[in-house]
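I have placed the structure first, in the form of structure tokens, so that the comments after it can refer back to it.
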Amino acid sequence: MIDVQNVSKIYGSNHQAIRALDDINIKVDRGEFVAIVGPSGSGKTTLLLTMGGLLTPTSGKVLIDGASFYDVGGPARTAMRLKYCGFMFQTFHLIPYLTAIENVQLPLITTGMNARSQREMAEECLRTVGLEERTNQKASKLSVGEMQRVALARALVNRPGLIFADEPTANLDAETAELVIDYLQTFKSEGIAVILVTHDDRLGQVADRIVQIRQGKIVEETDKG
Amino acid sequence: MRIRNIVWKELRHRKGGALIILAGVVLSVMMVVGIQRVSLGSINEMRLAMLEMGKNLVILPEGVDENHYWSGDFSRATTTLYEEDLESVAEYAMYIHQPRVLARHFQGSFQRPVTIDGRRLVLSGILVKIDRAAPAVITEDAQRPIPDGETELGYHAARQLGLEEGDLLEGIWRYEGERLDAPAFTVREVRPETGTIEDYRVLINIVTAREIFGVEEPVVNVVEAVGCVCSPQFLPILASRMEEWLREERGRPVNVQHFQAVAEARSAARLTSVRDANVISFFVILFGALLIGGYSVLNAHERRQETGILLAISARPRHIAWAMLQKMLLLGLVGGVIGCWLTDVVLRHYGVPFVGQLQGAMRPYMLAMTGWQMYALAIGLALTLTALPGLVGVWIASRTDPAETLREL
Ligand SMILES: Nc1ncnc2c1ncn2[C@@H]1O[C@H](COP(=O)(O)OP(=O)(O)OP(=O)(O)O)[C@@H](O)[C@H]1O
Ligand SMILES: [Mg+2]
């Protein structure tokens, strides 16, 4: 599904250069659940953004179903992201003045899909995360756990093959975190590849594979499959 | 949902910013349209004055000067002119080889200051009516006497008497305190406002006018040359020669006034005021543009997170740019409309006439912008005012790096 080949990322230049990723190689298949762990500043977020087509690496390639993310122009990359990727973040990144369902629809707004199908798809995803009751609530008025579930629904709405999640449970209480973990596992069983960055041991436990990075390098890969 | 729905919701969410832009647009439009309309109005006034000057020669009886002419008071004339004097001046023009100065350019009238129901007006009995608004195309046709029993009223005369076309003018007429015996007249026309003495005239047939005053001879007390085409340089010479000739050859002691110099001076003054208005407009637009540009930059920063997430999950920079531009255009449109409306309210309150209302005969001589043209220009200005400075914000927003914003907590 996704194939990261010899990816390096250097921030800045010359004496101020920071080597955030150093020759990373990872392959993730459909239905795989991969957790990326490592100390703070080790390059986890950088890796996730690079894999998600949001951050151009200094060298190396990211291939999704054989198509290279960074050998195409911006618009084509946006289209690829829309086709393959769903994102979740530690701080949700919802648009506060839109309702739950409108936030879920965001990935669809440029697809030319009509309003009705957009709504139907978004409703379905909200149902999946158990939020059908909050459909028309403003995002800013949702509880934190609900926000992350809306973000989860949004990551699903374009039916991606890959979900990238950066510390999705870090801001949640134990119970909600469980819930989110459960959902991620369900997606996995539906053939979606889940790639997440975490400090959360529980997430580590449910992952098929744990990739440890340190100073931009993969230091250990534990395959539990 | 589309990006423009998000724009709409954002507007409602961040009302303060939208209000700042609206205020900037409304104020700019009001200032600029107001200034332009006032200055257009004053150009028109100047043109009307020129038109008035279009009677570029006025031949007055001895003892009457320019001031009497403008106040319409000819009651103190020591001598009088006669209808035949009109022929004489035309004859003289031929005599000095001014083939474009013809008898039909001269309008003789018998004028007296009167009060009708206490309103001070100028009774003007005219021999023939020369279409002042189109002096260049005066034809035999355009010269016609006002029929007996009818009157044409200047704009203010009509307003003061509370009369409209078709009404009957009846009232108590007085001349120097003495009651006059005047018949009733049907108002056949109310003339457009000119901002000159013309607005206070009550025009009737010259014969009737003389009858009211018990004058039996074919007296005129003012001869105006309306729009005769003669070069400005030659006008003063013509005036003085004509005065000399009428005095010496015809035994008519007259006072020939020419207005070219006055007209030119007024025109120069107006042009200066128009230029000043343009300078002020420029600074107002600049100020509005800075305000709006500044806000659009702030807004781009304010929206950084939203823009970042949109760019990360679905939108392309051009979607973001177009959405922001749409918002600015929408604000421009709304601000423009409000601005036009407020300008109109304010200007009406201060009595500045709506340029579009100049009518009929005056049109060809006026910078007659219709209301719609003026509004279209104002809205165009408003749109430019939001879109152009807004581009700075659009540019910043569309260059947002989603990876950067996603790291921000
Ligand atoms: N835009 C940037 N410019 C320069 N350096 C950066 C930039 N972004 C990240 N870095 C640096 O790159 C390194 C890796 O950062 P990254 O955010 O990927 O770490 P992380 O593993 O996600 O850390 P954390 O667990 O604290 O989120 C860090 O040293 C960081 O300071
Ligand atoms: Mg991180």
Side-chain angles (χ1 to χ4, degrees), chain A residues 9 11 45-46 48-50 52-56 73-79 81-83 85-99 101-116 118-119 122 138-140 151 154-155 157-158 160 164 166-167 170-171, chain B residues 1-21 298-327 330-331 393-409:
Chain A
K9 175 72 189 178
Y11 286 115
T45 300
T46 305
L48 203 73
L49 293 173
T50 310
L54 287 165
L55 188 65
T56 310
R77 194 149 62 238
T78 304
R81 274 205 301 274
L82 202 51
K83 185 169 171 205
C85 311
F87 295 92
M88 284 177 78
F89 308 93
Q90 182 177 345
T91 52
F92 329 135
H93 292 277
L94 300 180
I95 297 184
Y97 49 83
L98 298 184
T99 61
I101 191 158
E102 285 164 348
N103 267 288
V104 176
Q105 282 178 57
L106 290 181
L108 308 176
I109 57 176
T110 57
T111 55
M113 193 182 280
N114 68 41
R116 184 127 169 256
Q118 280 190 27
R119 233 189 130 76
K138 281 255 173 70
S140 54
R154 183 178 67 193
V157 78
N158 53 331
F164 296 99
D166 194 351
E167 313 245 15
N171 280 330
Chain B
M1 196 169 65
R2 299 186 183 266
I3 290 216
R4 67 166 172 270
N5 302 97
I6 302 180
V7 168
W8 186 239
K9 281 163 208 251
E10 194 235 339
L11 266 181
R12 290 199 297 192
H13 175 62
R14 297 198 176 106
K15 290 192 193 76
L19 285 179
I20 290 176
I21 293 201
L298 274 180
N299 183 239
H301 285 295
E302 216 175 6
R303 297 177 39 125
R304 227 176 105 75
Q305 285 295 330
E306 292 147 55
T307 306
I309 191 69
L310 284 173
L311 285 172
I313 62 185
S314 59
R316 280 160 48 190
R318 73 175 173 86
H319 291 129
I320 302 291
W322 177 225
M324 271 191 92
L325 206 59
Q326 271 180 309
K327 177 175 89 169
L330 179 71
L331 288 172
V394 169
W395 184 73
I396 293 175
S398 62
R399 280 174 49 98
T400 304
D401 178 358
E404 286 292 318
T405 66
L406 291 176
R407 279 177 184 285
E408 289 160 12
L409 289 177

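Below, read A as the first sequence line, B as the second, and so on, with proteins coming before strands; counting in each chain starts at 1. No hydrogens, no waters, no symmetry mates; every other heavy atom, side chains included, goes into these values.
- Side-chain contact between Arg399(B) and Thr307(B) is absent, with no heavy atoms from C-beta onward closer than 4.5 Å.
- Your options are Ile3(B), Asn5(B), Asp401(B), and the one with the most heavy-atom pairs under 4.5 Å with chain A is Ile3(B).
- For Arg12(B), no part lies near chain A; criterion is any non-hydrogen pair under 4.5 Å.
- Only the side chain of Leu98(A) comes within contact range of chain B, judged by heavy atoms closer than 4.5 Å.
- For a residue to count as touching a neighbouring chain, one of its non-hydrogen atoms must lie under 4.5 Å from one of that chain's; by this rule Glu10(B) touches chain A with backbone and side chain alike.
- No part of Thr111(A) comes within reach of chain B, as not one of its non-hydrogen atoms sits under 4.5 angstrom from that chain.
- Contacts of Leu311(B) with chain A are made by backbone atoms alone, with heavy-atom separations under 4.5 Å and no side-chain atom involved.
- The closest side-chain heavy-atom distance from Leu330(B) to Leu11(B) is below 4.5 Å.
- The backbone N or O of Pro96(A) lies less than 3.5 Å from no partner atom in the side chain of Lys138(A), so there is not a single donor-acceptor pair.
- Note on Leu94(A), Thr50(A), Leu55(A), Leu82(A): by heavy-atom pairs under 4.5 Å with chain B, the leading option is Leu82(A).
- Contact check for Phe92(A) versus Asn171(A): side-chain heavy atoms found under the 4.5 Å cut-off.
- Side-chain atoms of Arg304(B) never come within 3.5 Å of backbone atoms of Thr400(B) as a donor-acceptor pair (strictly under, hydrogens ignored).
- Below 30°, between 30° and 60°, or above 60°: for Phe89(A) and His93(A) the angle between ring planes is above 60°, a perpendicular geometry.
- Here the side chain of Asp166(A) pairs no donor or acceptor atom with the backbone of Thr45(A) at under 3.5 angstrom.
- Ranked by non-hydrogen atom pairs under 4.5 Å with chain A, the options Arg318(B), His319(B), Arg303(B) are led by His319(B).
- With a 4.5 Å cut-off on non-hydrogen atoms, Glu102(A) touches chain B through its backbone and its side chain both.
- Looking at Arg77(A), there are no atoms closer than 4.5 Å to chain B (heavy atoms on both sides), in backbone or side chain.
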